[in-house]
Every structure is written in structure tokens, then in C-alpha cells.
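Remarks on the structure that follows.
Values reported hereafter were calculated over all heavy atoms of this structure, with side chains retained and with hydrogens, waters and symmetry mates removed.
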Amino acid sequence: MMINELIVLVFGLVIAVTILLMFRRIFFGKRANLKINKKVNSRELFEPLDNEPAEFQDDNVSREEETIQNSFNESHNNTEASETSESLFVINLESGENKISYNELISFLEEVSSNYSNEGGWFRVFSDDHFFSLVNGLNPGKFDTSIEDDETSALTLILSPISGANTISNFHQMVTFAELLASKLNLNLYDSDRNPLTQQMIDHYSHLAEDFDLRNFA
């Protein structure tokens with residue numbers, strides 16, 4: 001009789017511990033956060049795809065950091081945007097071993113959109129009530145116009161939302177543009193962390209855009 005009681009007691013303890021661990025995992029377990037960095041560091045945004053040797057990185061960082069920051073700020077010099085924007089919607093496009101030339105990019109823009117402006121090394125593509133930037137995805141974020149036909153293996157699209165604009169619509173227009181650009185120039189689409197751009201991430205960006213518009217409704 002004593003043995004049966006001990007067995008029942010042991011089973012009871014095992015069940016109780018199992019239930020406790022299940023509740024702990026449900027309520028206190030680590031949850032995956034699917035989000036973008038709301039304050040994108042411009043040096044990280046335009047970092048090289050291939051890792052450079054440490055000695056070259058140290059030498060280049062001090063010289064390039066100022067150029068990167070200036071070009072990034074220049075592409076977003078809208079005062080209202082800098083004051084109200086808490087997030088940047090970023091889509092990266094990479095070509096692998098192929099190169100994308102500056103002139104090739106201009107030809108594409110001429111073909112698909114007359115509503116853009118060439119800012120000298122980078123572009124503004126205008127949406128219904130705002131614009132998004134198309135820049136060189138590698139350091140220093142701009143094409144070198146002093147070179148006859150500068151090339152890159154990566155491009156970056158950036159939407160900096162502002163109050164009063166339809167951020168959801170602007171973001172969807174940027175996605176459509178990115179898909180067309182990827183199709184025309186044989187590019188692969190990536191998110192801000194250079195992970196493959198999935199529908200789940202597009203939906204996540206859309207929710208962020210909707211939240212921004214709700215918080216900044218004018």
C-alpha cells in the first residue's frame with residue numbers, strides 16, 4: 001500500500017512540474033521579435049557586402065563615416081521628415097556577381113518612371129504624396145559621377161515617412177517599384193538586415209506604416 005502511495009505521489013510531482021514548466025514557457029519564454037531597427041545606422045545601411053580585412057576597415061571608417069552620414073542626410077533633408085520620422089522603411093537589392101551601372105539605372109528610370117529626379121549619384125522616386133530614395137547600397141551610398149559609368153552590386157530603397165502623407169500607400173508603391181527593378185535588372189530583394197524579403201516582412205512593414213499614420217494623423 002505504501003509503495004502505491006509513493007508511486008502516485010511521484011507521478012503527481014512529475015505532472016505538477018511539467019505543467020509548471022509549460023506555463024513558464026508560455027508566459028515567460030523568449031519571444032521572437034520581428035521588427036526593424038527604428039534608428040538605422042547609415043554606416044550599417046551602406047556597409048560593404050564583402051568583409052574587408054580589418055586593417056582596411058579601420059582606415060576607411062574614419063574617412064567614410066562622414067561621407068556616408070552626409071549623403072544619407074542629404075537624401076533625407078526634408079525638415080519635417082527628420083523631425084517626425086521614427087522609422088525608415090528599407091529594401092535592399094543585390095545582384096550577386098553582376099554589376100549594375102549608373103547609366104543602366106538611369107535608363108531603367110527613364111523607361112518606367114518620368115516622376116523621378118537625379119540628385120547626382122542618387123535618385124528621388126516620387127510617389128503620390130511623397131518620395132523614396134534610390135541609392136547605391138555600398139559605401140558611400142552614392143554613385144561616383146566623376147567615373148564615366150560607375151557600377152555597384154547593390155542598391156537600396158529608403159522611405160522616410162512624414163506626417164500628413166499616406167505612408168501605407170507610399171510603402172506599397174516602393175515595394176512595387178522594388179519588384180519591378182529586381183525583375184528588370186535580375187536582382188534579389190532583401191530587407192533592412194539583408195535577409196531575403198518575405199511576404200511576412202512586407203506585412204510587418206505595412207503594419208508599421210499604418211501605425212505611423214495613425215500616430216501622426218493630421
Side-chain angles (χ1 to χ4, degrees), residues 37 40-78 81-82 85 88-127 130-160 170 173-197:
N37 184 354
V40 178
N41 182 286
S42 59
R43 190 174 72 189
E44 292 175 355
L45 179 64
F46 298 124
E47 66 186 355
L49 295 180
D50 299 321
N51 293 328
E52 297 178 352
E55 61 269 24
F56 288 107
Q57 289 182 350
D58 293 339
D59 291 338
N60 289 336
V61 164
S62 59
R63 293 197 308 270
E64 291 178 344
E65 186 172 12
E66 183 177 357
T67 304
I68 295 167
Q69 188 66 56
N70 288 342
S71 65
F72 185 76
N73 290 338
E74 183 183 7
S75 67
H76 300 281
N77 58 7
N78 185 301
S82 63
S85 176
L88 296 176
F89 297 94
V90 177
I91 297 177
N92 288 299
L93 302 96
E94 298 175 10
S95 64
E97 296 180 357
N98 298 325
K99 295 293 184 180
I100 309 157
S101 71
Y102 185 49
N103 290 338
E104 185 179 14
L105 200 54
I106 293 175
S107 297
F108 167 80
L109 289 168
E110 290 288 347
E111 178 185 349
V112 303
S113 173
S114 58
N115 198 16
Y116 79 94
S117 64
N118 188 335
E119 303 296 331
W122 62 279
F123 305 90
R124 284 182 177 176
V125 181
F126 295 95
S127 52
H130 193 30
F131 69 88
F132 49 88
S133 301
L134 172 59
V135 301
N136 190 336
L138 304 181
N139 286 328
K142 298 170 65 176
F143 285 94
D144 187 350
T145 55
S146 66
I147 299 175
E148 183 176 353
D149 194 9
D150 195 15
E151 294 182 328
T152 185
S153 60
L155 299 170
T156 299
L157 294 171
I158 309 165
L159 171 63
S160 179
N170 293 327
Q173 289 179 65
M174 185 172 76
V175 171
T176 300
F177 180 89
E179 291 173 341
L180 181 58
L181 181 59
S183 174
K184 288 282 187 179
L185 301 184
N186 194 26
L187 306 173
N188 296 314
L189 294 172
Y190 298 90
D191 62 20
S192 58
D193 296 320
R194 289 203 171 101
N195 296 316
L197 184 65

Closest non-hydrogen atom pair, Asn170 against His130: ND2-CB, 3.5 Å

message: Are the side chains of Phe108 and Leu180 in contact, using a 4.5 Å heavy-atom criterion?
response: yes

message: Just verifying a value: how many Å separate Asp191 CG and Asn92 CG, rounded to the nearest 0.5 Å?
response: 7.5 Å

message: Could you walk me through whether Leu155 and Leu105 satisfy the side-chain contact (heavy atoms from CB on, under 4.5 Å) test, starting with their C-alpha distance in whole Å, then the side-chain angles of each, then the deciding distance to 0.1 Å, before giving a yes or no?
response: CA-CA 10 Å; Leu155 299 170; Leu105 200 54; 3.8 Å; yes

field: From CZ (Arg194) to CG (Leu93), nearest 0.5 Å
entry: 10.5 Å

query: Got Leu134 and Leu181 here, is their nearest side-chain heavy-atom distance under 4.5 Å?
result: yes

Phe131-Phe123 aromatic ring centre distance below 6.0 Å: no

task: Compare every heavy atom of Ser153 with every heavy atom of Ile100, then report the nearest pair and how far apart it is.
output: CD1-C, 4.4 Å

query: Where is the tightest heavy-atom contact between Ala178 and Leu189, given as atom of each residue plus distance?
result: O-CD2, 3.7 Å

message: Looking at Asn103, is its backbone amide N or carbonyl O close enough to the side chain of Asp149 to form a donor-acceptor pair, meaning the two atoms are under 3.5 Å apart?
response: yes

side-chain contact (heavy atoms from CB on, under 4.5 Å) evaluation trace for Ser101 with Phe143: CA-CA 9 Å; Ser101 71; Phe143 285 94; over 6 Å; no

task: Verify, without hydrogens or angle tests, whether Thr152 (side chain) and Ala154 (backbone) share a donor-acceptor contact under 3.5 angstrom.
output: yes

- line: For residues 180-189, the side chain to side chain donor-acceptor pair (under 3.5 Å) pairs (sequence neighbours left out) are Glu111-Lys184

Heavy-atom closest contact (Ser127 atom, Asn115 atom, distance): O-ND2, 4.3 Å

- request: Could you pull out the closest heavy-atom pair between Lys99 and Glu104, with the gap in Å?
  value: O-OE1, 4.0 Å

statement: Rounded to the nearest 0.5 angstrom, the OG-CZ distance for Ser160 and Phe89 is 9.5 Å

query: Do Tyr102 and Asn118 have side chains that get closer than 4.5 Å, going by heavy atoms?
result: yes

- prompt: If you take all heavy atoms of Pro196 and Tyr190, which pair is closest and at what distance?
  reply: N-CD2, 3.5 Å

message: Set out, in order, the CA-CA distance, both residues' side-chain angles and the distance that settles side-chain contact (heavy atoms from CB on, under 4.5 Å) for Thr156 and Trp122, then state yes or no.
response: CA-CA 10 Å; Thr156 299; Trp122 62 279; over 6 Å; no

